[in-house]
Amino acid sequence: MKLCRWGRNGFEKPGMIDAQAQLRDLSGVISHIDQDTISPRGLAKLKKIRPESLPLVRGNPRFGVPYTGITKIVAIGLNYADHAREANLAVPTEPIIFSKATTCINGPNDDVVQPRNSTKLDWEVELGVVIGTKAQYVPEDKALDFVAGYTIVNDVSERSFQLQSSQWDKGKGCDTFGPIGPWLVSSDEITDPQNLDMWLDVNTERMQTGNTRTMIFGVAKLVSYCSHYMTLMPGDIIATGTPPGVGMGKRPEPIWLKPGDIMNLGIRGLGEQRQKVLAPK
C-alpha cells in the first residue's frame with residue numbers, strides 16, 4: 001500500500017497510489033494521514049480498500065510529505081563504508097546518530113533554499129524508516145514489527161556548517177533540508193529493506209548509485225539501537241545514511257550545489273523526488 005498527501009502546502013488531501021502508479025483520492029474515506037493512520041490498526045483498515053475504487057486525481061498535483069506528526073528525524077551518519085571512505089572518515093563501529101530539525105521538513109518536490117552564508121551545499125539520497133508503533137528497548141529480531149513503512153529522504157547538508165564542530169546538526173537542519181516522500185510504502189510491500197536500489201542525479205548527471213544491502217547497520221539494527229537511547233514514537237523517521245557519490249567526495253574537486261541546480265532522486269519501489277535549488281532569501 002502506497003499512501004501520500006497531495007495538494008497545496010498546508011491544504012493537502014490524503015491519497016493512495018494504485019498498481020499503475022496513478023494517484024487516487026482517499027479523502028472520501030479518511031480526512032488525513034497521521035500517526036493513528038499509520039498504526040497497525042489504521043493500516044489494517046486501509047488495506048481493505050482497493051485503490052482502483054477511489055476517484056482518480058487528474059493532472060499533476062503537488063505531493064506533500066506523505067503523513068503528518070513527525071516528532072523527530074533521527075539520522076544515521078556514515079552508514080555505508082564507501083561513503084565513509086570518500087569523506088576521509090573512519091568506518092564506524094556502531095551507529096552514529098544525529099538529528100535533523102523538524103522545521104527542515106519539506107515536500108518531496110518542493111524547492112530547496114540555500115541558506116545565507118552557505119558555500120558547500122550537498123545532497124544525500126537515503127532510505128527513510130517510518131515508525132508505526134511506540135518503540136522502547138526493542139530487540140533486533142523484533143524491530144521490523146515496529147515499522148509502519150518506508151519512504152525517501154534527501155538529507156540535504158551544508159558541509160561548511162556541518163564540519164565547524166564535532167556536532168553535525170546545524171549543517172543538517174536548515175529550512176527545506178528535509179524533503180520526504182512522495183509515498184509512504186507500507187512495510188508489507190517491502191519484503192526486504194536491505195535490497196533496494198537507490199540513485200541521485202544533479203542536472204541529469206548521475207551522482208549516486210547504491211543499494212541498501214551495503215549498509216553497515218541494517219534497518220532492524222538501527223530501529224533496535226535507536227530505541228535503546230530514545231523512545232521512538234509513531235511517525236518518527238530514521239534516515240538510514242547515504243551511499244557514495246555525495247558532492248563532498250567528488251574528485252579531483254568537490255562539487256557543490258548552486259542556485260538553479262536540479263536534484264532528481266529515487267529508491268526502487270518508493271517513488272522519486274525532484275528539487276530545484278533556490279538562492280538564499
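The shown structure was predicted, so the numbers you read here are calculated from the model rather than taken from an experiment.
Under the rule for a ring-ring contact (aromatic ring centres under 6.0 Å, His included), the partners of His228 that lie at least two apart in sequence or sit in another chain are Tyr137. Listed by chain and number, the residues in a salt bridge (charged side-chain N to carboxylate O under 4.0 Å, His left out) with Asp141 amount to none (sequence neighbours excluded). Contacts of Thr231 classified as side-chain hydrogen bond (donor to acceptor under 3.5 Å, both in side chains), with partners at least two apart in sequence or in another chain: Gln136. Residues forming a side-chain hydrogen bond (donor to acceptor under 3.5 Å, both in side chains) with Gln35 (at least two apart in sequence, or on another chain): none. Taking the ring-ring contact (aromatic ring centres under 6.0 Å, His included) definition, one finds that Phe161 meets it with nothing, sequence neighbours left out. Listed by chain and number, the residues in a side-chain contact (heavy atoms from CB on, under 4.5 Å) with Gln20 are Asp18, Gln22, Glu52 (sequence neighbours excluded). Shown here are the ring-ring contact (aromatic ring centres under 6.0 Å, His included) partners of Phe11, two or more places apart in sequence or in another chain: there are none. The ring-ring contact (aromatic ring centres under 6.0 Å, His included) test applied to Trp256 returns no partner, not counting sequence neighbours. The side-chain contact (heavy atoms from CB on, under 4.5 Å) search around Asn211 returns Asn195, Asp197, Arg213, not counting sequence neighbours.
Under a 4.0 Å N-O distance rule, the pair Glu158/Lys120 does not qualify as a salt bridge. Salt-bridge annotation for Asp261 and Lys258: present, with a side-chain N of the basic residue lying under 4.0 Å from a carboxylate O of the acidic one. Salt bridge absent: Asp110 and Lys276 never bring a charged side-chain N and a carboxylate O closer than 4.0 Å.
No donor-acceptor pair closer than 3.5 Å links the side chain of Arg274 to the backbone N or O of Glu272. Without hydrogens or angle criteria, Asp201 side chain to Asn264 main chain gives no donor-acceptor distance under 3.5 Å. Of the possible polar contacts, none joining the Asn79 side chain to the Ile76 backbone as a donor-acceptor pair under 3.5 Å is found. Distance alone, capped at 3.5 Å, is enough to place a donor-acceptor pair between the Glu126 side chain and the Gly241 backbone. Panel note: side chain Ser157, backbone Asp155; a donor-acceptor pair is recorded below 3.5 Å. In this structure a side-chain-to-backbone donor-acceptor pair under 3.5 Å is missing from Thr103 to Asp175.
The ring of Trp6 has its center no closer than 6.0 angstrom to the ring center of Phe63.
Connectivity analysis of hydrophobic side chains (ILVMFWY, heavy atoms under 4.5 Å, direct or indirect) links Val138 to Phe146. Annotation for Met233: hydrophobic cluster partners, listed by chain and number, are none (ILVMFWY side-chain heavy atoms under 4.5 Å, direct or chained). Under a 4.5 Å side-chain heavy-atom criterion applied to ILVMFWY residues, the cluster that includes Leu46 comprises Met1, Leu3, Met16, Leu26, Val29, Ile30, Ile33, Ile38, Leu43, Ile49, Leu54, Val65, Tyr67, Ile70, Ile73, Ile105, Val130, Val153, Ile180, Leu184, Ile237 as well.
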For this session: Show your reasoning for whether side-chain hydrogen bond (donor to acceptor under 3.5 Å, both in side chains) applies to Asn154 and Glu124.
Result: CA-CA 5 Å; Asn154 187 356; Glu124 293 190 11; over 6 Å; no

